[in-house]
Amino acid sequence: MTETVLKGKAIKLGDNISTDDIIPGRFAHLRSNLAELSKHTFEDLIPNFASRVNQGDFVVAGKNFGSGSSREHAPLVIKMSGIVAILAKSAARIFFRNAINQGLPVLLCDTDQINDGDQLEINLTEGVIRNLTSNARLTSTKMPPLMFAILKEGGLIPYIKKHKDFEL
Amino acid sequence: MGKTLAEKILSLKSGDIVIANVDLVFLQDTTGPLAIKQFEESGLKTIAAPEKTAIFIDHAAPSPTQQTSNDHMLLRRFARETNCHIYEVGNGICHQLVAELFANPGNIIVGADSHTVTAGALCAFATGMGSTDIATAMALGKTWFRVPETFLINLSGSFRKGIYAKDLILSLIGQLGADGATYKALEFGGESLARLTMSERLTISNMVVEAGAKVGLFPSDEVTQSFLSSQGRGDSYKPLYPDADASYERIMSINLASLEPMVSFPHTVDNVHPVSEAKGIKLQQVFIGTCTNGRLEDLALAANILKGKKRYSDTRLLVAPASQQVLLQAIEKGYIHSLIESGATILPPGCAACLGLHQGVLGDGEACLSTANRNFKGRMGNPEAMIYLASPATAAASAIKGEITDPREV
Ligand code: SF4
């Protein structure tokens, strides 16, 4: 079950962060060794990413987050780093779905209202983000109910274990 | 109200959520191991339809590392246990093999690879997903979709000499931007369709995901029929067109005669410029191949330009046919001979240098012109390298000069 109210710090990134930026393709040989693979998260983009993250933080990006390959290792390694939600102006379709399937919430909202280091409180059920640093209140785009049901169960595998099938 | 192609295949209106049976679900060697792990974790014991499930060992094939070899072993074991199809090292790139062997008009196809959209050229609703979605689609034989809204791309006119399908799709991506069609279906229409070969359609559909699109659909017409017949699947043909009164979110028009040879500059696909702005950029490597441009027509184009000429001495020229069928036909037609004589290195059918796992990783500061679909930083194995994308004709002309060259000038 995914927590529905999350509190943490924003780590701000730019537009068009690709899955190669998140976890470069050249590490594909490590994909069956997730602990090793995850050491390379954002390696080409943000040196020392791992040491900047505290458990419970958020990645806050611009438009088209997660574009590129279908590698589900991208949301997986982000989740393994301690990030509990991604906020972006828009997200690539496959990445969005993969993140939800891994139980990692993606909220689409106007991330210009968030600066690096801001403290945020996110209510997933309501889709509302409160920026505790600036006092701004943001609402995120609603996801389809089936997707939200998958997220609430903590991802697609727990969802399927429980329901044995998709339920509309 | 009439229906778009996407709405026809999914039989619902855009915005609706549908749970649909899939006609083909497939994995490849870099996303497959996680899919199998998720499948095993789901508690679902069997796959729904082994004959509609396929595994392709194409991305790092032959294997460059011990870990990859072990991943390949896992895929082979899974194929044996579940009785699904498996395509081995050297058979070719998943998307090319899906087009040659599986994709039929009206099909729903999901693959653990973003370029699954390629099969939209055959009027299949084909889209990429991650490993967990694919694991469940294998187990249940179905998945869920949100029926996308559609952008109609109306094509008129004919390509001028030296300009190809790759230039068209690069130019469209430049106009839309890397996220301009996120969640949308692109549907191609207009009077030029009948003149676009299946090879050209596959190149175009292949790249729609670079504008964020979920699917890139061509109607099923005589071109589709003759391609299916050539692959021994003539019986699978059925005509499929959008309704005349279908409703589109956006309609764009492109006159093919107005296009120039295009080049994507590092490090995003939508950073598209006419070749005139790229002229003279020095290249250490040229790569012709991939699911975008590794087909027979592409090799023919390159071979005809390179025939009797030599690649520039300091520019490596790598050529990887998209499948075994392509390789055999290219040998028969003499293209491989011409390419080798011009100084090309022929790589086995597969993804080869495309994603930087083996066979052509770039050095620091090197520049490569590639016929692939992606030039993200680090894509060819080195974040310090520069990748330019263009058509096979531009690639071949550039290999001769050792710098980016307008194919109309050689
Ligand atoms: S050729 Fe390149 S883009 Fe196509 S499937 Fe292989 S790695 Fe992906």
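Note on naming: letters A, B, ... go to the chains in the order of the sequence lines (proteins, then strands), and numbering restarts at 1 for each one.
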Selection from B:Leu74, B:Asp29, B:Thr143, B:Leu44 maximising heavy-atom pairs under 4.5 Å formed with chain A: B:Thr143
Separation between CD of B:Gln28 and OG of A:Ser70, rounded to the nearest 0.5 Å: 6.0 Å
Engaged part of A:Phe96 at the chain B interface, taking heavy atoms whose separation is under 4.5 Å: side chain
Straight-line distance of A:Arg93 CZ to B:Lys184 NZ, nearest 0.5 Å: 12.5 Å
NZ (A:Lys7) with more than 12 external heavy atoms under 6.0 Å: no
Top contributor to chain B interface from A:Leu156, A:Ile160, A:Leu76 [non-hydrogen pairs under 4.5 Å]: A:Leu156
Option in B:Trp144, B:Phe39, B:Phe376 with maximal non-hydrogen atom pairs under 4.5 Å from chain A: B:Trp144
For chain B, the option from A:Ala91, A:Ala74, A:Pro144 that forms the most heavy-atom pairs under 4.5 Å: A:Ala91
Interface residue of largest heavy-atom contact number with chain A, from B:Asn382, B:Val209, B:Thr127, under 4.5 Å: B:Thr127
Selection from B:Thr68, B:Leu140, B:Val269 maximising heavy-atom pairs under 4.5 Å formed with chain A: B:Leu140
Toward chain A, the part of B:Thr65 with a non-hydrogen atom under 4.5 Å: side chain
Salt-bridge criterion met for B:Arg374 and A:Asp20 (N-O under 4.0 Å): no
Neighbours of chain A found in residues 351-358 of chain B - heavy atoms under 4.5 Å: B:Leu355, B:Gly356, B:Leu357
Non-hydrogen side-chain atoms of B:Thr182 and A:Ser90 separated by less than 4.5 Å: no
Contact class of A:Ser18 relative to chain B, heavy atoms under 4.5 angstrom: side chain
Shortest non-hydrogen separation from A:Ser32 to B:Asp71 and the atoms involved: OG-OD1, 2.5 Å
Contact origin within A:Asp165 toward chain B - heavy atom pairs under 4.5 Å: both
Reported CD1-to-OG1 distance for the pair A:Ile94 and B:Thr116, which is rounded to 0.5 angstrom: 7.0 Å
Spacing of A:Ile157 atom CD1 and B:Ser42 atom OG [to the nearest 0.5 Å]: 5.0 Å
Reported NZ-to-CG distance for the pair A:Lys63 and B:Asp179, which is rounded to 0.5 angstrom: 4.0 Å
Per-residue contacts, residues 128-137 of chain B versus chain A, heavy atoms under 4.5 Å: B:Gly128, B:Met129, B:Gly130, B:Ser131, B:Thr132, B:Asp133, B:Thr136
Contact winner vs chain A - B:Lys214, B:Glu41, B:Gln67, heavy-atom pairs under 4.5 Å: B:Lys214
Spacing of B:Arg379 atom CZ and A:Arg26 atom CZ [to the nearest 0.5 Å]: 13.0 Å
Side chain to side chain donor-acceptor pair (under 3.5 Å) between B:Thr31 and A:Arg71, intermediate numbers included: CA-CA 6 Å; B:Thr31 56; A:Arg71 66 188 73 138; over 6 Å; no
Side chain proximity check, B:Gln66 to A:His29, heavy atoms < 4.5 angstrom: no
Heavy-atom contact with chain B under 4.5 Å, split by part of A:Leu34: side chain
Option that, when pairs with chain B are counted at under 4.5 Å, heavy atom only, ranks first among A:Ser67, A:Pro158, A:Gly68: A:Gly68
Which portion of A:Gln102 sits near chain B, non-hydrogen atoms under 4.5 angstrom: side chain
Residue B:Lys37 versus chain A: region with a heavy atom under 4.5 Å: side chain
Top contributor to chain A interface from B:Ala139, B:Gly43, B:Pro33, B:Ala178 [non-hydrogen pairs under 4.5 Å]: B:Ala178
